[in-house]
There are 2 protein chains.
Amino acid sequence: MDGLTINQAAETTGWSPRMLRYLDTSGLVSPPRSSASYRLYGPGELQRLRTLRELLEKQEIEISDVGFAQRLRSEPHLRGAVEGWLDELAEPPEGVSDQADWLRFEQQKHERLLALAGDRG
Amino acid sequence: MDGLTINQAAETTGWSPRMLRYLDTSGLVSPPRSSASYRLYGPGELQRLRTLRELLEKQEIEISDVGFAQRLRSEPHLRGAVEGWLDELAEPPEGVSDQADWLRFEQQKHERLLALAGDRG
DNA sequence: CAAACCCTGACACAAGCGTGGTAAGGTTTG
DNA sequence: CAAACCTTACCACGCTTGTGTCAGGGTTTG
(Lines give C-alpha, C1' and ligand atoms only; values in the text may rest on other atoms or scores of the structure.)
Protein backbone atom coordinates (compact mmCIF):
# COMPACT_ATOMS: atom_id res chain seq x y z
CA MET A 1 0.00 0.00 0.00
CA ASP A 2 1.94 3.07 -1.15
CA GLY A 3 0.88 6.52 -0.06
CA LEU A 4 -0.34 7.91 3.24
CA THR A 5 -3.76 7.05 4.61
CA ILE A 6 -6.17 9.83 5.33
CA ASN A 7 -5.23 10.25 8.99
CA GLN A 8 -1.52 10.32 8.22
CA ALA A 9 -2.11 12.85 5.47
CA ALA A 10 -4.19 14.91 7.87
CA GLU A 11 -1.35 15.00 10.38
CA THR A 12 1.31 16.09 7.94
CA THR A 13 -0.81 18.70 6.15
CA GLY A 14 -2.79 20.24 8.99
CA TRP A 15 -6.14 19.51 7.41
CA SER A 16 -8.65 17.44 9.36
CA PRO A 17 -9.59 14.03 7.94
CA ARG A 18 -13.11 15.38 7.58
CA MET A 19 -11.85 18.21 5.38
CA LEU A 20 -9.71 15.89 3.31
CA ARG A 21 -12.87 13.95 2.44
CA TYR A 22 -14.64 17.20 1.69
CA LEU A 23 -11.83 18.39 -0.58
CA ASP A 24 -12.00 15.04 -2.33
CA THR A 25 -15.71 15.23 -3.06
CA SER A 26 -15.28 18.88 -4.02
CA GLY A 27 -12.86 17.78 -6.71
CA LEU A 28 -9.95 19.89 -5.47
CA VAL A 29 -7.71 17.10 -4.18
CA SER A 30 -8.88 13.62 -5.11
CA PRO A 31 -6.29 10.97 -4.27
CA PRO A 32 -6.33 7.55 -5.90
CA ARG A 33 -7.94 4.73 -3.97
CA SER A 34 -6.73 1.33 -2.82
CA SER A 35 -8.59 -1.81 -3.78
CA ALA A 36 -10.68 -1.35 -0.65
CA SER A 37 -11.46 2.30 -1.50
CA TYR A 38 -8.96 3.72 0.97
CA ARG A 39 -7.69 7.15 -0.08
CA LEU A 40 -3.94 7.04 -0.76
CA TYR A 41 -2.14 10.37 -0.54
CA GLY A 42 1.15 10.55 -2.48
CA PRO A 43 3.65 13.42 -2.42
CA GLY A 44 1.70 15.20 -5.15
CA GLU A 45 -1.49 15.29 -3.16
CA LEU A 46 0.36 16.31 -0.01
CA GLN A 47 2.01 19.20 -1.80
CA ARG A 48 -1.30 20.25 -3.31
CA LEU A 49 -2.90 20.18 0.12
CA ARG A 50 -0.21 22.32 1.71
CA THR A 51 -0.19 24.88 -1.04
CA LEU A 52 -3.98 24.96 -1.05
CA ARG A 53 -3.90 25.93 2.59
CA GLU A 54 -1.44 28.70 1.81
CA LEU A 55 -3.51 29.87 -1.15
CA LEU A 56 -6.69 30.16 0.87
CA GLU A 57 -5.03 31.97 3.74
CA LYS A 58 -2.94 34.46 1.80
CA GLN A 59 -5.45 35.33 -0.89
CA GLU A 60 -8.54 35.38 1.30
CA ILE A 61 -10.56 33.22 -1.02
CA GLU A 62 -12.87 30.27 -0.40
CA ILE A 63 -12.66 26.64 -1.36
CA SER A 64 -15.64 27.12 -3.66
CA ASP A 65 -13.77 29.91 -5.44
CA VAL A 66 -10.96 27.55 -6.32
CA GLY A 67 -13.57 25.08 -7.51
CA PHE A 68 -15.04 27.74 -9.76
CA ALA A 69 -11.60 28.64 -11.11
CA GLN A 70 -11.20 24.97 -11.96
CA ARG A 71 -14.53 25.00 -13.79
CA LEU A 72 -13.49 28.13 -15.66
CA ARG A 73 -10.42 26.31 -16.87
CA SER A 74 -12.07 23.03 -17.81
CA GLU A 75 -15.17 24.47 -19.47
CA PRO A 76 -14.11 26.79 -22.27
CA HIS A 77 -17.66 27.78 -23.12
CA LEU A 78 -18.16 28.86 -19.51
CA ARG A 79 -14.96 30.83 -19.58
CA GLY A 80 -15.95 32.48 -22.85
CA ALA A 81 -19.35 33.44 -21.51
CA VAL A 82 -18.03 34.89 -18.27
CA GLU A 83 -15.17 36.80 -19.91
CA GLY A 84 -17.57 38.06 -22.52
CA TRP A 85 -19.83 39.46 -19.85
CA LEU A 86 -16.94 41.08 -18.02
CA ASP A 87 -15.83 42.68 -21.30
CA GLU A 88 -19.19 44.30 -21.73
CA LEU A 89 -18.63 47.90 -20.80
CA ALA A 90 -21.18 50.39 -19.57
CA GLU A 91 -19.86 53.05 -21.92
CA PRO A 92 -19.66 52.66 -25.70
CA PRO A 93 -16.20 52.39 -27.25
CA GLU A 94 -14.78 55.01 -29.63
CA GLY A 95 -16.46 55.18 -32.99
CA VAL A 96 -19.83 53.94 -31.83
CA SER A 97 -21.78 57.11 -31.56
CA ASP A 98 -25.45 56.76 -30.84
CA GLN A 99 -27.41 54.35 -28.70
CA ALA A 100 -28.87 52.29 -31.51
CA ASP A 101 -25.40 51.68 -32.94
CA TRP A 102 -24.08 50.77 -29.58
CA LEU A 103 -26.85 48.29 -28.78
CA ARG A 104 -26.31 46.63 -32.15
CA PHE A 105 -22.60 46.48 -31.43
CA GLU A 106 -23.14 44.83 -28.07
CA GLN A 107 -25.67 42.37 -29.37
CA GLN A 108 -23.39 41.29 -32.14
CA LYS A 109 -20.54 40.80 -29.71
CA HIS A 110 -22.83 38.76 -27.55
CA GLU A 111 -23.81 36.58 -30.47
CA ARG A 112 -20.18 36.08 -31.41
CA LEU A 113 -19.47 34.97 -27.88
CA LEU A 114 -22.38 32.60 -27.84
CA ALA A 115 -21.23 31.14 -31.14
CA LEU A 116 -17.72 30.76 -29.76
CA ALA A 117 -19.15 29.13 -26.71
CA GLY A 118 -20.93 26.58 -28.85
CA ASP A 119 -24.28 26.90 -27.07
CA ARG A 120 -23.86 23.73 -25.06
CA GLY A 121 -25.00 24.94 -21.68
CA MET B 1 -32.04 63.31 -15.48
CA ASP B 2 -30.89 60.88 -18.16
CA GLY B 3 -31.13 57.17 -17.53
CA LEU B 4 -33.82 54.98 -16.01
CA THR B 5 -34.48 55.01 -12.29
CA ILE B 6 -34.17 51.80 -10.36
CA ASN B 7 -37.82 50.81 -10.61
CA GLN B 8 -37.93 51.45 -14.34
CA ALA B 9 -34.74 49.47 -14.81
CA ALA B 10 -36.23 46.68 -12.73
CA GLU B 11 -39.28 46.54 -14.99
CA THR B 12 -37.36 46.35 -18.23
CA THR B 13 -34.75 43.87 -17.06
CA GLY B 14 -36.74 41.50 -14.88
CA TRP B 15 -34.60 42.01 -11.81
CA SER B 16 -36.23 43.26 -8.62
CA PRO B 17 -35.20 46.70 -7.33
CA ARG B 18 -33.78 44.95 -4.29
CA MET B 19 -31.54 42.83 -6.49
CA LEU B 20 -30.42 45.81 -8.51
CA ARG B 21 -29.18 47.39 -5.28
CA TYR B 22 -27.55 44.12 -4.34
CA LEU B 23 -25.80 43.86 -7.72
CA ASP B 24 -24.63 47.42 -7.26
CA THR B 25 -23.07 46.84 -3.85
CA SER B 26 -21.64 43.56 -5.14
CA GLY B 27 -19.80 45.51 -7.79
CA LEU B 28 -21.32 43.66 -10.74
CA VAL B 29 -23.51 46.44 -12.13
CA SER B 30 -22.93 49.83 -10.53
CA PRO B 31 -24.75 52.61 -12.35
CA PRO B 32 -23.75 56.25 -11.98
CA ARG B 33 -25.69 58.36 -9.51
CA SER B 34 -27.62 61.57 -9.83
CA SER B 35 -26.77 64.56 -7.64
CA ALA B 36 -29.20 63.16 -5.07
CA SER B 37 -27.61 59.68 -5.19
CA TYR B 38 -30.33 58.18 -7.37
CA ARG B 39 -29.07 55.27 -9.45
CA LEU B 40 -29.31 56.09 -13.16
CA TYR B 41 -29.39 53.09 -15.49
CA GLY B 42 -28.26 53.81 -19.03
CA PRO B 43 -28.41 51.41 -22.00
CA GLY B 44 -25.05 49.97 -20.99
CA GLU B 45 -26.21 48.96 -17.55
CA LEU B 46 -29.48 47.62 -18.92
CA GLN B 47 -27.65 45.44 -21.42
CA ARG B 48 -25.28 44.22 -18.73
CA LEU B 49 -28.22 43.34 -16.50
CA ARG B 50 -30.01 41.38 -19.22
CA THR B 51 -26.93 39.46 -20.27
CA LEU B 52 -26.05 38.79 -16.64
CA ARG B 53 -29.41 37.14 -16.21
CA GLU B 54 -28.77 35.00 -19.27
CA LEU B 55 -25.28 34.15 -18.08
CA LEU B 56 -26.45 32.95 -14.69
CA GLU B 57 -29.27 30.87 -16.11
CA LYS B 58 -27.45 29.21 -18.98
CA GLN B 59 -24.17 28.50 -17.26
CA GLU B 60 -25.60 27.50 -13.89
CA ILE B 61 -23.29 29.75 -11.94
CA GLU B 62 -23.87 32.14 -9.03
CA ILE B 63 -23.60 35.87 -8.69
CA SER B 64 -20.66 35.39 -6.35
CA ASP B 65 -18.88 33.34 -9.03
CA VAL B 66 -19.03 36.27 -11.42
CA GLY B 67 -17.72 38.45 -8.63
CA PHE B 68 -14.81 36.11 -8.16
CA ALA B 69 -14.10 36.06 -11.89
CA GLN B 70 -13.97 39.83 -11.71
CA ARG B 71 -11.47 39.64 -8.85
CA LEU B 72 -9.40 37.15 -10.83
CA ARG B 73 -9.20 39.66 -13.63
CA SER B 74 -8.46 42.73 -11.56
CA GLU B 75 -5.96 41.18 -9.17
CA PRO B 76 -3.12 39.64 -11.18
CA HIS B 77 -1.36 38.27 -8.10
CA LEU B 78 -4.54 36.45 -7.16
CA ARG B 79 -4.87 35.09 -10.66
CA GLY B 80 -1.25 33.98 -10.65
CA ALA B 81 -1.62 32.23 -7.32
CA VAL B 82 -4.80 30.39 -8.29
CA GLU B 83 -3.54 29.36 -11.72
CA GLY B 84 -0.30 28.25 -10.14
CA TRP B 85 -2.15 26.00 -7.77
CA LEU B 86 -4.29 24.56 -10.53
CA ASP B 87 -1.13 23.84 -12.53
CA GLU B 88 0.27 21.80 -9.71
CA LEU B 89 -0.20 18.25 -10.84
CA ALA B 90 -0.44 15.17 -8.70
CA GLU B 91 2.04 13.37 -10.94
CA PRO B 92 5.56 14.58 -11.68
CA PRO B 93 6.27 15.79 -15.23
CA GLU B 94 8.69 14.02 -17.59
CA GLY B 95 12.31 14.24 -16.60
CA VAL B 96 11.72 14.59 -12.89
CA SER B 97 12.40 11.14 -11.67
CA ASP B 98 12.43 10.67 -7.92
CA GLN B 99 10.39 12.20 -5.15
CA ALA B 100 13.07 14.51 -3.79
CA ASP B 101 13.62 15.98 -7.24
CA TRP B 102 9.94 16.40 -7.73
CA LEU B 103 9.33 18.13 -4.43
CA ARG B 104 12.19 20.50 -5.13
CA PHE B 105 10.71 21.17 -8.54
CA GLU B 106 7.32 21.97 -7.11
CA GLN B 107 8.67 24.14 -4.36
CA GLN B 108 10.70 26.18 -6.79
CA LYS B 109 7.69 26.63 -9.01
CA HIS B 110 5.73 27.74 -6.01
CA GLU B 111 8.38 30.27 -5.09
CA ARG B 112 8.45 31.57 -8.64
CA LEU B 113 4.72 32.05 -8.49
CA LEU B 114 4.88 33.83 -5.18
CA ALA B 115 7.59 36.11 -6.52
CA LEU B 116 5.48 36.82 -9.57
CA ALA B 117 2.55 37.52 -7.31
CA GLY B 118 4.62 40.04 -5.41
CA ASP B 119 3.59 38.74 -1.97
CA ARG B 120 1.07 41.45 -1.35
CA GLY B 121 -1.77 39.42 0.08
C1' DC C 1 -47.44 70.87 -0.70
C1' DA C 2 -48.64 66.04 -1.28
C1' DA C 3 -47.96 61.86 -3.83
C1' DA C 4 -44.82 59.06 -5.63
C1' DC C 5 -40.51 58.12 -6.01
C1' DC C 6 -35.52 57.28 -4.24
C1' DC C 7 -32.02 56.37 -0.55
C1' DT C 8 -29.81 53.52 3.41
C1' DG C 9 -30.21 50.37 7.14
C1' DA C 10 -32.29 46.75 9.45
C1' DC C 11 -34.78 42.28 10.31
C1' DA C 12 -35.99 37.83 8.34
C1' DC C 13 -35.47 33.59 6.15
C1' DA C 14 -34.23 29.60 2.92
C1' DA C 15 -30.45 27.38 0.95
C1' DG C 16 -25.69 26.37 0.62
C1' DC C 17 -20.78 26.09 2.50
C1' DG C 18 -17.33 24.65 5.71
C1' DT C 19 -16.67 21.95 9.54
C1' DG C 20 -17.30 18.77 13.45
C1' DG C 21 -19.25 14.68 15.21
C1' DT C 22 -21.17 9.94 15.26
C1' DA C 23 -23.04 5.48 13.69
C1' DA C 24 -22.89 1.19 11.00
C1' DG C 25 -20.05 -1.50 8.55
C1' DG C 26 -15.68 -3.19 5.76
C1' DT C 27 -10.16 -3.79 5.99
C1' DT C 28 -5.52 -4.26 7.79
C1' DT C 29 -2.49 -5.71 11.04
C1' DG C 30 -0.38 -7.22 15.43
C1' DC D 1 -9.64 -12.50 16.34
C1' DA D 2 -9.41 -7.89 18.26
C1' DA D 3 -7.73 -3.28 17.92
C1' DA D 4 -7.15 0.28 15.03
C1' DC D 5 -7.88 1.87 11.04
C1' DC D 6 -10.83 3.04 6.75
C1' DT D 7 -15.45 3.80 4.27
C1' DT D 8 -20.12 6.16 3.48
C1' DA D 9 -24.17 8.35 5.35
C1' DC D 10 -26.22 11.12 8.34
C1' DC D 11 -27.24 15.19 11.98
C1' DA D 12 -25.80 19.65 13.57
C1' DC D 13 -24.27 24.23 13.70
C1' DG D 14 -22.52 28.94 12.46
C1' DC D 15 -21.72 31.87 8.63
C1' DT D 16 -22.60 33.65 3.95
C1' DT D 17 -25.66 34.41 -0.21
C1' DG D 18 -29.61 35.80 -2.31
C1' DT D 19 -33.96 37.70 -1.67
C1' DG D 20 -38.14 40.04 0.40
C1' DT D 21 -40.02 43.56 3.27
C1' DC D 22 -40.36 47.51 6.13
C1' DA D 23 -39.08 52.00 8.48
C1' DG D 24 -37.27 56.57 8.53
C1' DG D 25 -35.87 60.14 5.81
C1' DG D 26 -34.54 62.88 1.39
C1' DT D 27 -36.08 64.26 -3.75
C1' DT D 28 -38.93 65.09 -7.78
C1' DT D 29 -42.97 66.30 -9.77
C1' DG D 30 -47.89 67.19 -10.66
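Quick note on labels: first sequence line is chain A, next is B, and so on, each numbered from 1.
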What is the distance from [atom1] of [X] to [atom2] of [N], rounded to the nearest Å?
X: A/Asp65; N: C/dG16; atom1: CG; atom2: C1'; result: 14 Å
X: B/Leu23; N: D/dT17; atom1: CG; atom2: P; result: 14 Å
X: B/Leu20; N: C/dC7; atom1: CG; atom2: P; result: 10 Å
X: B/Ile6; N: D/dT28; atom1: CD1; atom2: P; result: 16 Å
X: A/Met19; N: C/dG21; atom1: CE; atom2: P; result: 13 Å
X: B/Leu28; N: D/dG18; atom1: CG; atom2: P; result: 9 Å

Picking from [options], which would you name as closest to the side chain of [X]?
X: B/Tyr22; options: C/dC7, D/dG18, C/dG18; result: D/dG18
X: B/Ile63; options: D/dT7, C/dC17, D/dT19; result: D/dT19
X: B/Arg33; options: C/dG20, C/dT8, D/dG20; result: C/dT8
X: A/Trp15; options: D/dG20, C/dT19, D/dT8; result: C/dT19
X: A/Glu62; options: D/dT7, C/dG18, D/dT21; result: C/dG18
X: A/Ala36; options: C/dT27, D/dT19, C/dT19; result: C/dT27
X: A/Tyr38; options: D/dT19, C/dT28, C/dC7; result: C/dT28

Across the strands shown, which category fits B/Arg21 at heavy-atom distances under 4.0 angstrom: base, sugar-phosphate, nothing?
base
Whether B/Arg73 and A/Glu83 form a salt bridge (side-chain N of Lys/Arg under 4.0 Å from carboxylate O of Asp/Glu) is what I want to check.
yes
Looking at B/Glu54 and B/Arg50, does any basic side-chain N land under 4.0 Å from a carboxylate oxygen?
no
Taking atom types as they are modelled, is there a donor-acceptor pair under 3.5 Å from the base of C/dG21 to the side chain of A/Arg18?
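Such a pair is found, so the answer is yes.
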Quick one: on DNA chain D, does B/Ser26 or A/Gln8 contact a more 5' nucleotide (nearest heavy atom)?
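The answer here is A/Gln8.
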Is the shortest side-chain heavy-atom distance between B/Val82 and A/Gln59 below 4.5 Å?
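Side chain of B/Val82 against side chain of A/Gln59, heavy atoms only: no contact under 4.5 Å found.
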Tell me, do B/Leu52 and B/Thr13 make a side-chain contact under 4.5 Å, heavy atoms counted?
no
If the cut-off is 4.0 Å, is [X] near the phosphate of [N], judged by side-chain N/O to OP1 or OP2?
X: B/Ser16; N: D/dG20; value: yes
X: B/Arg39; N: C/dT8; value: yes
X: B/Ser64; N: D/dG18; value: yes

Where B/Tyr22 and B/Ile63 come nearest, the two heavy atoms and their spacing
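Taking every non-hydrogen atom into account, CE2-CD1, 4.3 Å.
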